[in-house]
Every structure is written in structure tokens, then in C-alpha cells.
Undergrad: 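My questions all concern the structure below.
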2 protein chains.
Amino acid sequence: MVATVHQVAEVAGVSTSTVSRAFGRPELLNPQTREAVLSAATRLGYTPNRAARGLVTGRTGNLGMVVPDIANPFFPPLVKGATDRASMADLGVFLASSDLDAERELQAVQRMVKQVDGLVLCSTQLDDATVRRLAETTRLVLVNRTIRGIDSVVIDFAGGMRAAVDHLHALGHTSFVYLSGPNGSWSNEQRRQALRAQARKRGLHVSTLGPYLPTYESGVQAADQVLARGASAVIAYDDQMALGVLTRLHERGARVPDDVSVVGCDDVLPVGVARPSLTTVAGPCREVGRMAVELLLAGEAGAGPGGQLGVTSRRTEDRIATEVRQPTQLVVRASTGLAREVVGVGKLSGK
Amino acid sequence: MVATVHQVAEVAGVSTSTVSRAFGRPELLNPQTREAVLSAATRLGYTPNRAARGLVTGRTGNLGMVVPDIANPFFPPLVKGATDRASMADLGVFLASSDLDAERELQAVQRMVKQVDGLVLCSTQLDDATVRRLAETTRLVLVNRTIRGIDSVVIDFAGGMRAAVDHLHALGHTSFVYLSGPNGSWSNEQRRQALRAQARKRGLHVSTLGPYLPTYESGVQAADQVLARGASAVIAYDDQMALGVLTRLHERGARVPDDVSVVGCDDVLPVGVARPSLTTVAGPCREVGRMAVELLLAGEAGAGPGGQLGVTSRRTEDRIATEVRQPTQLVVRASTGLAREVVGVGKLSGK
DNA sequence: TTGTATGCGTTATCAA
DNA sequence: TTGATAACGCATACAA
């Protein structure tokens with residue numbers, strides 16, 4: 001049996017409203033009565049029932065967070081940043097992993113929307129209209145996706161991708177292959193388009209392979225395609241795929257970076273320990289999770305923050321959305337090197 | 001404005017109880033009225049408020065899960081298994097990451113205990129007494145920790161660790177170093193004791209270094225200690241540390257496995273891509289998360305499952321606890337090899 | 001088969 | 001400074 005306001009009230013010899021106030025507005029209470037209530041509460045092990053409280057106040061003290069796949073190493077740091085920030089504000093966090101399925105994601109959202117004060121949707125699979133409708137019901141922050149009028153915080157992998165193209169260009173590569181992530185992924189589009197634009201600018205030729213699921217196995221599979229095309233460089237949608245590529249290239253006898261240069265993206269795995277260590281694009285995932293919750297909190301309070309680096313506020317529909325953009329950077333390690341042509345090595349034979 | 005039973009009732013021209021029944025006990029309703037209610041509900045976008053429902057039924061439709069650190073790659077698969085199983089049962093999941101801090105963990109538990117039907121505590125930092133007290137308030141399943149009388153599911157790393165010792169023994173090693181995980185960690189004790197017992201049995205000498213935080217950086221740090229001791233083999237508390245060891249040994253010019261053999265534990269990272277690829281002990285993390293929720297569900301229904309492999313039921317205090325034990329296995333890769341003595345290589349000089 | 005009335009645990013309003 | 005009361009959204013016992 002768990003204690004309620006009633007038991008505490010009885011033990012402390014006060015009314016239930018007084019018990020309630022002892023927790024919610026202690027300053028309104030006579031110090032003596034407050035102490036009496038609090039000690040009675042401690043004795044009975046009483047804690048306010050947040051669900052019941054939420055029913056009357058309209059605030060639940062919970063947040064919701066949805067990610068496509070918590071087993072994808074990109075997301076745990078993000079979740080960590082969010083839960084850490086949330087627990088500082090004494091907020092609970094609902095987590096759902098949608099398995100890259102829009103319907104499952106919608107179910108998860110429905111399940112928690114009435115029990116939370118706000119939602120963080122990471123790389124959401126939902127279409128714009130659904131998200132917009134959702135935003136009318138609850139506070140919403142998007143991560144790695146933007147929709148006009150909705151608050152968001154995105155990791156600007158475009159910047160890192162441009163740096164990656166410049167890096168390959170400087171090494172003498174004249175073309176490269178991009179291993180595409182899942183279809184319909186906003187992040188994939190962001191990366192792919194940045195890549196193509198920069199490649200055009202530098203006069204490089206790009207060809208795209210995929211779509212692939214962002215896994216180690218996909219990378220293994222893709223590596224053979226890369227060899228078949230005789231590509232001198234490959235940029236993968238993420239590190240998991242890049243590691244798979246590395247492994248398979250090694251098996252096939254192709255040397256990295258002498259025969260093929262490989263670039264990953266995310267830098268969340270200990271990719272420095274791969275041999276050769278992986279050149280990749282790194283972003284502040286943890287910080288992004290933290291920031292998403294920050295935005296949620298700021299939105300609840302009323303005015304947005306503004307003033308931080310990369311924060312844009314623009315009026316759309318009839319509200320002002322805050323868009324935070326976090327920079328990325330290219331981390332050059334050992335998996336990228338001079339192009340074959342430059343060092344005079346011909347195409348791999350026996351593909 | 002979100003819809004409630006009242007709005008739906010009004011639109012459908014029925015009472016609120018009828019609306020309630022349309023969702024909770026559809027079979028009690030005249031098919032026509034049920035359809036009318038459901039269509040009205042759809043039109044208004046109505047979904048039952050689970051918090052309010054929980055207040056009257058006593059069942060919230062939510063579970064809680066606490067892990068020490070969601071950014072530690074050991075836990076995401078576990079969380080994935082749990083959330084997947086939970087969403088099959090249409091349950092929401094609260095997640096908290098305690099940062100290896102007992103107090104923070106307790107706060108997180110307090111925060112959610114009234115809003116959930118059960119709790120999964122992974123590698124909990126709480127002491128036995130606190131956990132027992134908690135178990136009187138709510139359904140509880142422990143992961144990777146056992147307490148008499150409390151349901152649990154543990155990954156039996158002891159088995160894998162014994163296999164690791166036998167493996168080193170077979171390769172001619174006569175002693176090894178164990179890199180210890182965090183103090184007070186149940187998992188660390190499980191691994192360490194299994195190691196020591198098996199080493200004694202095989203006549204190997206073990207020395208322990210640590211405690212260390214289970215991170216890549218700790219491994220880097222520990223590697224120098226390992227070299228200073230002239231050890232021919234090292235078993236690390238987890239893969240992150242083992243990868244750190246690998247990196248630092250390489251920097252120091254020690255060859256793996258020719259000079260030093262390295263064994264990790266968990267097999268959750270793509271450790272096969274490390275060079276040399278890492279010998280490690282693998283356990284069914286995903287399955288364990290799934291099973292923990294299964295146990296919670298079974299406990300709610302009444303009788304426990306029983307019958308599965310490794311399930312023990314024992315009576316303690318005045319209830320019967322179910323303890324599921326999942327086996328592990330040694331995955332031999334390239335980081336372990338014949339001991340130096342066997343191949344005639346002396347101690348490393350210039351340590 | 002459906003409606004009425006009540007209570008779940010809490011807080012807000014109002015009166016004292 | 002404190003207490004009585006109503007209401008939050010819902011499910012159930014009971015009556016019809």
C-alpha cells in the first residue's frame with residue numbers, strides 16, 4: 001500500500017490541501033506545519049503521484065523521445081544528453097525506438113503524447129503534415145530534420161561533408177562513390193546533397209550506391225560494388241557502413257588508403273582503433289540531445305532563448321520557430337590518402 | 001484542445017461510460033453504437049488518456065528501465081530488446097541513465113515508480129535493502145544482479161570467462177592480468193571471481209589492475225601498466241577497455257598477439273574490425289532485455305513462466321523469485337595467440 | 001445494452 | 001495561514 005495525501009494529512013493532523021501545498025508551494029505554509037507535514041510524509045514514504053498531479057495541472061513532468069533505432073550507436077549519446085538535461089529539471093523521459101517504421105513511430109507517439117509536456121523526435125519518419133498536426137497538440141522539437149514552423153536542432157553534417165570532399169580533392173581524387181543511407185532519411189539527403197554540390201564545385205564526379213540500411217553488414221556488401229566500379233574513394237553514410245567497407249576491402253586484398261580511400265560519418269564508435277583508423281565527420285551528438293530538451297523547456301516557459309551560435313528564429317505560419325544548427329568537423333585519420341593516379345598505381349586488376 | 005470522453009460522448013450521442021466501453025470492453029456494446037462511438041472518436045482524434053485511466057484502474061500501461069549509462073554500448077541492445085517487447089504489448093517505457101550514481105538512480109526510480117506497472121533495473125547501484133523495499137511497492141526485475149527473492153535475468157559471463165582462461169591456458173600462458181571494472185559493480189565481481197577460480201583450477205597466476213571506469217581511455221591508461229608488469233596476456237572488463245589497450249600497445253610497439261594477448265568482454269561493438277580483431281566474450285544482450293520485460297509481464301499476470309533453459313525458481317522470504325540465466329560464449333579472433341615463452345620470445349626490453 | 005453516480009490522487013479556487 | 005470543495009479524464013458498480 002502506498003501513501004496518499006489523505007494518509008499524510010491524517011497523520012499530520014492537517015487537510016489534504018495543506019499536504020499538497022507542503023510540496024508544491026512550501027512558502028505559503030507556516031514553517032511549523034510544513035515541517036510536521038514533511039516529517040509525516042517521510043515517515044509514510046509519501047511522494048506525490050505525478051500522474052494525478054498532471055491531470056489537474058496539465059503538466060506531467062515527463063518528456064518523450066523517439067529515435068529510429070536505439071541500437072544504432074549514433075543515438076545513445078543523443079539520448080544521454082537529453083536524459084541528463086531532463087533529470088536536472090526533474091523530468092522523466094519516455095523513450096521509444098521506432099525501428100525506422102513510420103507506423104510504429106506514430107503508435108509510440110500516440111502512446112506517450114498525453115503523458116508528456118513535450119516531445120523530441122529524432123530523425124523522424126513521419127511526414128510533414130503529421131508532424132505539423134502533432135505540433136498543435138504538444139510542444140515539439142525535431143532533431144536532424146527541419147520543418148518550417150517547428151523548432152529543431154540539427155547537426156550540420158553538410159559542413160563536414162563539404163570538408164570531406166575538399167579533403168579528397170586535395171589528395172588528388174577526381175571521383176568518388178557515396179554509399180547512400182535509408183530511403184527517405186532527411187540526414188541522408190542532407191549529406192548526399194552537400195556532397196554533390198561540393199563535388200560539382202570542385203569538379204569531382206560522384207556516383208551513388210544504395211540505399212542501404214546503416215549497418216556494418218551493408219558496408220561489407222557495398223565494398224564489392226565499390227571495387228567493381230574501380231572507385232578510388234568512397235564516402236559512407238555512416239561509420240558502421242564505413243567499418244564494413246574497411247573489413248571487406250581488406251578481405252578482397254585492396255589496400256586502404258593506397259588503393260581506396262574511405263570516409264565515414266558520425267565518429268561515435270571508437271573508429272580510431274580500426275586499422276587503418278577511419279577518417280570521419282564528427283558532430284556534437286550529446287550536446288544536441290541536451291539542446292533539444294533545452295528548447296523544449298524554453299518553449300514551455302514562453303520566450304525562446306536566442307543569442308546562441310547558429311540559432312535562427314524565423315516566423316512561419318503564425319508562430320516563430322527556433323532552429324539550432326550545430327557544426328561538424330572532419331577528423332582526418334589513416335583511411336584517406338593520395339589517389340592512385342597521383343602515386344602511379346593503376347586500377348585494381350582481378351576485381 | 002484535445003478530445004475527452006465527454007466530447008466524444010456528445011458527438012456520438014451517448015454517455016461517457018459508453019465511450020469508455022467502446023475502447024475498454026467493446027464486446028459489451030451493441031455493434032452499431034460501438035461503430036458510432038469509434039467513428040466519432042476518430043473524427044475528433046480522441047485517444048484515451050492513459051494517466052487518467054491508470055488512476056482508476058491501477059495499471060498505467062508503462063514500464064520503467066534504469067541503466068547506469070546509456071552511452072555505454074553494452075546497454076543500447078538491452079534497451080532495444082526491452083522497448084521492442086514492450087511496444088508489442090502496447091506499453092510505454094521510461095528510461096533513465098543513472099551515471100553510475102546510486103543517488104541519481106534512486107531519484108529516477110522515485111520519479112517514475114508511481115507511473116509504471118513495473119521496473120527493470122540494470123546493473124543497479126542500489127543496495128540490497130533499498131531494492132527489497134522497492135520490490136514491495138512495485139513489480140521489479142533485476143538485470144545483471146541477483147538479490148535473493150527478486151526476479152532477475154543475468155548474463156552468465158562467468159561461463160565465458162572460464163572459457164577465456166582455458167583458452168589462454170591452452171595457448172601456453174601461465175599468468176595474466178585482469179583489468180577490473182568499477183568498484184561495487186556486480187558484473188565486475190562476477191567476472192573477476194570466475195576468472196580467479198578458473199585460473200586457480202588451471203594453475204595460472206592472476207593479478208588484478210584497477211578499478212577502472214569502463215572506457216576506451218581507461219584501456220589506454222591500463223596498457224602501460226600491463227607492459228610494466230611484463231604480462232603475456234590481459235583480460236579486460238569490457239571491450240571498450242580492451243580496444244584502448246590494443247591501441248596503446250600498438251603505440252608502444254608491443255605486438256598483439258605475439259607479445260601480448262588481449263581478451264575483451266561483451267562483443268557489442270564491431271570489434272572484429274579492430275586490428276588485430278578482438279577475442280571477446282559474447283552474451284545475448286538483446287534477448288536479455290526482451291526477457292526482462294517478459295518476466296515483468298508474466299509476474300503481472302500471476303504465475304511465472306518456468307520451463308525455459310536456465311530458469312530457476314526458488315522460494316525465499318515469502319515469495320518465489322524467477323532467475324533466468326543466459327549463457328555466454330568465447331569468440332576467438334586474432335588478438336589472442338601463443339604465449340611468448342612457447343615461441344621463444346623473451347620479455348619486451350625497453351619497457 | 002446503456003446510463004448514472006462515484007472515486008482514483010492531486011491541485012486550484014474560494015471562503016474562512 | 002488553512003480548510004472545504006470541485007474538477008482533471010477515466011473506468012466501474014450498480015441501476016435501469
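This is a predicted model, so every value here is computed, not measured.
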Undergrad: Choose from D/dC10, C/dT2, C/dT11 the nucleotide whose nearest atom is closest to any side-chain atom of B/N30.
TA: C/dT2
Undergrad: Determine, for B/R148 against B/D128, whether the closest basic-nitrogen to carboxylate-oxygen distance falls under 4.0 angstrom.
TA: no
Undergrad: Scan A/V14 against the nucleic acid and name what it touches under 4.0 Å (heavy atoms): base, sugar-phosphate only, or nothing.
TA: sugar-phosphate
Undergrad: Hey, does A/F23 reach any base, or is it just sugar-phosphate, or nothing, if we go heavy atoms under 4.0 Å?
TA: nothing
Undergrad: Just how far, in rounded Å, is P of D/dA11 from CG of B/L29?
TA: 13 Å
Undergrad: Would you mind reading off the bend of the helix from C/dT1-D/dA16 to C/dA16-D/dT1 from its two end axes, five pairs each, to 10 degrees?
TA: 40°
Undergrad: Any cation-pi pair here, B/K114 with B/F94, using under 6.0 Å and within 45°?
TA: no
Undergrad: Atom CG of A/L38 and atom CZ of A/R43: how far apart are they, to the nearest 0.5 Å?
TA: 11.0 Å
Undergrad: Kindly determine whether B/E105 and B/T124 satisfy side-chain hydrogen bond (donor to acceptor under 3.5 Å, both in side chains), including the steps that lead there.
TA: CA-CA 8 Å; B/E105 179 171 359; B/T124 179; 2.6 Å; yes
Undergrad: Between B/R139 and B/D117, is the closest basic N to carboxylate O distance under 4.0 Å?
TA: no
Undergrad: Could you state the atom-to-atom distance from CD of A/Q7 to C1' of C/dG9 in whole Å?
TA: 10 Å
Undergrad: Let me spell it out: for each of A/A51 and A/R25, pick the nucleotide of DNA chain C with the closest heavy atom. Which residue's pick is nearer the 5' end?
TA: A/A51
Undergrad: Looking at A/D127 and A/R132, is any side-chain nitrogen of the basic one under 4.0 Å from a carboxylate oxygen of the acidic one?
TA: no
Undergrad: Could you tell me the separation between the CD atom of B/E27 and the P atom of C/dT2, rounded to a whole number of Å?
TA: 13 Å
Undergrad: Between C/dG3, C/dT10, D/dC10, which nucleotide has the shortest distance from any of its atoms to the side chain of A/T4?
TA: C/dT10
Undergrad: Under 4.0 Å between any heavy atoms, over every strand shown, what does B/T57 touch: base, sugar-phosphate, or nothing? Just pick one.
TA: sugar-phosphate
Undergrad: For B/R21, which contact category applies under a 4.0 Å heavy-atom criterion: base, sugar-phosphate, or nothing?
TA: base
Undergrad: Starting from C1' on D/dT1, measure out to CD on A/Q32 and report it in whole angstrom.
TA: 12 Å
Undergrad: Check the phosphate of C/dT1 against B/R34, side-chain N and O only, distance under 4.0 Å to OP1 or OP2. Yes or no?
TA: no
Undergrad: I'd like to know if B/R290 pairs up with B/D84 as an ion pair, taking the criterion as any Lys NZ or Arg NE/NH1/NH2 lying under 4.0 Å from an Asp or Glu carboxylate oxygen.
TA: no
Undergrad: Walk me through whether B/D90 and A/R111 qualify under salt bridge (charged side-chain N to carboxylate O under 4.0 Å, His left out).
TA: CA-CA 8 Å; B/D90 194 29; A/R111 204 179 292 138; 3.0 Å; yes
Undergrad: Mapping B/K114 and B/T16 onto DNA chain C by nearest heavy atom, which one lands closer to the 5' end?
TA: B/T16
Undergrad: Under 4.0 Å, counting only non-hydrogen atoms across every strand here, what does A/T33 touch: a base, just sugar-phosphate, or nothing?
TA: sugar-phosphate
Undergrad: Measure from NE2 on A/H6 to P on D/dT5 and round the result to the nearest Å.
TA: 12 Å
Undergrad: May I ask you to say what A/T60 touches in the nucleic acid, namely base, sugar-phosphate or nothing, with a heavy-atom cut-off under 4.0 Å?
TA: nothing
Undergrad: For the side chain of A/S20, starting at C-beta, report the closest nucleotide among C/dT11, C/dA12, C/dG9.
TA: C/dT11
Undergrad: Using the side-chain heavy atoms of B/S15, tell me which of these nucleotides is nearest: C/dA12, C/dT4, C/dT10.
TA: C/dT4
Undergrad: Contact class for A/T18 (heavy atom, under 4.0 Å): base, sugar-phosphate, or nothing?
TA: sugar-phosphate
Undergrad: So which one's nearest nucleotide on DNA chain D is more toward 5', B/V56 or A/P31?
TA: A/P31
Undergrad: Could you state the CG-C1' distance from B/N49 to C/dG9, rounded to the nearest angstrom?
TA: 14 Å
Undergrad: In whole Å, I'd like the distance from the CG atom of A/L55 to the P atom of C/dT10.
TA: 12 Å
Undergrad: If I take atom CZ in residue A/R50 and atom P in nucleotide D/dG9, what distance separates them, rounded to the nearest angstrom?
TA: 20 Å
